[in-house]
Amino acid sequence: MLNDITFGQYYPANSLMHRLDPRVKILLTVGLIVLCFVARIAPSLLLVALLTGILLLCTRVPVKMYLKTLKPIIPVILITSVINAVYVSSGTPLFQVWRITVTTGGVLTAVYMSVRICLLIMSSSMLTYTTTPTDLTDAIERLLTPLKWIRLDVHSLAMMMTIALRFIPTLIEETEKIMSAQKARGADVESGGLLSRIRALIPILIPLLISSFRRASELADAMECRCYHGGDDRTRMKQLHLRFWDVALLILAAVCLGAIILSNHYLSGVLYSLLFGGVL
Amino acid sequence: MPILSAQHLNFIYGKGTPYEKHAVHDISFSVEPGEIVGIIGHTGSGKSTLMQLLNGLLKPMNGTVTVDGQDIWQNPKTIRKYRFQVGLVFQYPEYQLFDETVEKDIAFGPKNMGLTEEEIGERVLRAAELVDLPPHLLPKSPFDLSGGEKRRAAIAGVIAMEPKVLILDEPTAGLDPKGRQTILEMIKAYNQKTGAAVLFVSHNMEDVAALAHRVLVLSGGKEVLFDTPDKVFAQSETLQNLSLDVPVATRIMLGLKQKGFAVKDGIYTLEAAADEIARLKKEGGANA
């Protein structure tokens, strides 16, 4: 059951994306997400989709894996689509149900929003599929280093994230073990009403909580035994270096950002009149 | 008729992903009522997966598990019934304790079976006595017990369901010698008092030699041997190739044999070894 959580799981493969500097990958992903929302018109959004698609293919992760990440957010997409379609009232009316009028503008906004959400999810899973959690936090720590100037303890923050990420699989495994053990004693978590299901969680949550505290204190002891004392003067085992492809992709991303802002600006008028010239 | 039987069991983790692992590979064996079976195999040999297949926590990709002649997956809705008949004690079972008192925790299984309050109370007392848990501990919080007591309380939680087959995954792991002894005696007592079959996983060959009527050897998810302890431990080379060991007594006998003494085969307990050495000395004395 818990094995179905694919979002945020590393998928081992040998690809250009896997080998990229994790800092660059984070910037690219943030860039893609920004692009999704900067693109206001169909052609620019298509361009973003195309770009995302190319990058996804570069990861050599099966497309099936990306589609899988979309499954849990289908309800989110449906709800936002309905709300958008109902509340946006620009453009011409298409049809009317009771007192609600659905307009072309509403439908367009709904479609745009759905595409944006899909792209957002896929580009963030591209990051997590191709980057190990440790690389990820390492890169975040370095990208956040400038925040030291506002007295933010970037290292501790990154360490907490690393530990949290590191323990997600452990906790999932532990949960499964405890669940199996309680199921072996006849615990029934899968049927019954809401209240009885909540009550059925107690035999799982209490042992899990206790073992988490035990693990935390053991880990703290083990870290202290190895003289861990925070970020000052710590050196790194793995140094990150920007290589050709890292720089090339960063430049490409910057160019795309510019192109989409420009196309928003100049193409919108042309395209709208081409597509909806009659109705607008 | 065997009480528990597995036919051509197969189980694969993460099928269709890069993490795919064939954990149990075509395993077939059966256990008679009242029998104690030791399961040995090094880490990753599929022991834990096999145990979970036997009480229906995992569903085999193919193959069947029958309890008392009935296929447990014939109707998936009734699978819980078989979990009460095949009691499974996980490794480090003390980490599953959760209730306010030891008594309530032991009662969790029987309660899930839908027994009457009276019957539950009796079973809790019987189980506590069987695992040698003194009555004054019952109203305490399970988290105030010592390590060994916690382990026994957790095992009592499964025994209280009075399963026809009791499966234990490394029940003595991480215990001191005395705690180990108590658990082993408890396994024997449950087997003798209730006539239930017991399967237990162990890395300790002495434990297996002392308790098991038959031994199942696993490696890489496959069944290597399933026979009586004397026959299994006679194959010391096979066992050593699987990074397993033979009991000390068997090792002594093998050493003696290499030195040219005419010792009997199939000795795996210290008592039998002592008798054999005494016999040799006597005969040797007579010959000299």
Side-chain angles (χ1 to χ4, degrees), chain A residues 1-6 9-15 18 59-62 64-69 129-130 132 169-192 196 199-215 218, chain B residues 13-19 48-49 51-58 76-77 79-100 104-115 141-143 150 154-161 163 166-169:
Chain A
M1 174 176 114
L2 293 162
N3 280 333
D4 294 341
I5 303 171
T6 48
Q9 201 183 53
Y10 181 65
Y11 189 97
N14 184 17
S15 78
H18 281 79
T59 61
R60 289 203 190 163
V61 175
K64 208 176 78 192
M65 294 292 289
Y66 288 110
L67 296 180
K68 231 161 100 187
T69 60
Y129 275 149
T130 59
T132 58
T170 314
L171 281 180
I172 289 180
E173 205 179 291
E174 183 99 14
T175 314
E176 277 177 343
K177 229 193 243 161
I178 295 170
M179 265 169 99
S180 304
Q182 306 299 28
K183 265 158 111 183
R185 295 208 278 164
D188 189 5
V189 238
E190 276 131 16
S191 60
S196 69
R199 212 172 296 133
L201 282 180
I202 294 173
I204 293 159
L205 289 182
I206 288 178
L208 191 64
L209 211 68
I210 288 169
S211 81
S212 306
F213 277 107
R214 183 174 42 84
R215 266 180 214 287
E218 279 172 9
Chain B
Y13 283 110
K15 204 171 179 178
T17 69
Y19 301 103
S48 300
T49 312
M51 311 187 97
Q52 293 182 53
L53 287 168
L54 293 178
N55 83 334
L57 279 173
L58 295 175
K77 282 192 183 132
I79 194 69
R80 259 180 80 201
K81 184 174 92 187
Y82 295 102
R83 296 199 183 132
F84 300 127
Q85 294 181 10
V86 182
L88 178 51
V89 178
F90 277 82
Q91 212 174 352
Y92 299 105
E94 55 272 30
Y95 294 148
Q96 75 190 32
L97 296 169
F98 70 96
D99 225 322
E100 291 160 61
K104 279 190 189 167
D105 207 289
I106 299 176
F108 182 66
K111 224 181 215 163
N112 287 330
M113 294 170 80
L115 300 171
S141 160
F143 304 109
K150 271 188 201 167
I155 296 178
V158 174
I159 282 184
M161 306 190 306
L166 178 66
I167 308 182
L168 304 107
D169 193 353

Closest heavy-atom pair and its distance - B:Gly87, B:Pro163: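 So the minimum-distance heavy-atom pair works out to N-CB, 3.3 Å.
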B:Arg80 versus B:Asn112, closest heavy-atom pair with distance: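 Minimum heavy-atom separation between B:Arg80 and B:Asn112: NH2-O, 3.0 Å.
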To the nearest 0.5 Å, tell me how far [X] [atom1] sits from [Y] [atom2].
| X | Y | atom1 | atom2 | answer |
| --- | --- | --- | --- | --- |
| A:Arg215 | A:Ser212 | CZ | OG | 7.5 Å |
| B:Met51 | B:Ile167 | CE | CD1 | 5.5 Å |
| B:Ile106 | B:Ile155 | CD1 | CD1 | 11.0 Å |
| A:Gln182 | A:Leu201 | CD | CG | 11.5 Å |

Greatest number of heavy atom pairs closer than 4.5 Å to chain B - which of A:Ala181, A:Ala184, A:Gly186, A:Pro12: A:Gly186
Residue, of A:Glu174, A:Lys177, A:Arg214, that accumulates the most heavy atom pairs under 4.5 Å with chain B: A:Arg214
Members of residues 88-96 of chain B whose heavy atoms come closer than 4.5 Å to chain A: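 Counting heavy atoms that sit under 4.5 Å from chain A, the residues of residues 88-96 of chain B involved are B:Leu88, B:Phe90, B:Tyr95, B:Gln96.
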Residue pair A:Thr59 / A:Tyr11, side-chain donor-acceptor N/O under 3.5 Å: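 Judged by distance alone, the side chains do not pair up.
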Under 3.5 Å side-chain donor-acceptor pair for B:Thr49 and B:Tyr13: yes
Under 4.5 Å from a heavy atom of chain A, the part of B:Tyr82 involved: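 For B:Tyr82, there is no contact with chain A at all, as no heavy atom is under 4.5 Å.
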Region of B:Met161 in contact with chain A, defined by heavy-atom distances below 4.5 Å: side chain
Heavy-atom side-chain contact between A:Tyr129 and A:Thr69 under 4.5 Å: yes
Contacts of A:Arg185 that satisfy salt bridge (charged side-chain N to carboxylate O under 4.0 Å, His left out) - sequence neighbours left out: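 Expected list: B:Asp105.
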Side chain to side chain donor-acceptor pair (under 3.5 Å) against A:Arg60, all qualifying residues, sequence neighbours excluded: none
Residues of residues 203-211 of chain A near chain B, each having a heavy atom less than 4.5 Å away: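 Within residues 203-211 of chain A, the residues under 4.5 Å from chain B are A:Pro203, A:Ile206, A:Pro207, A:Ile210.
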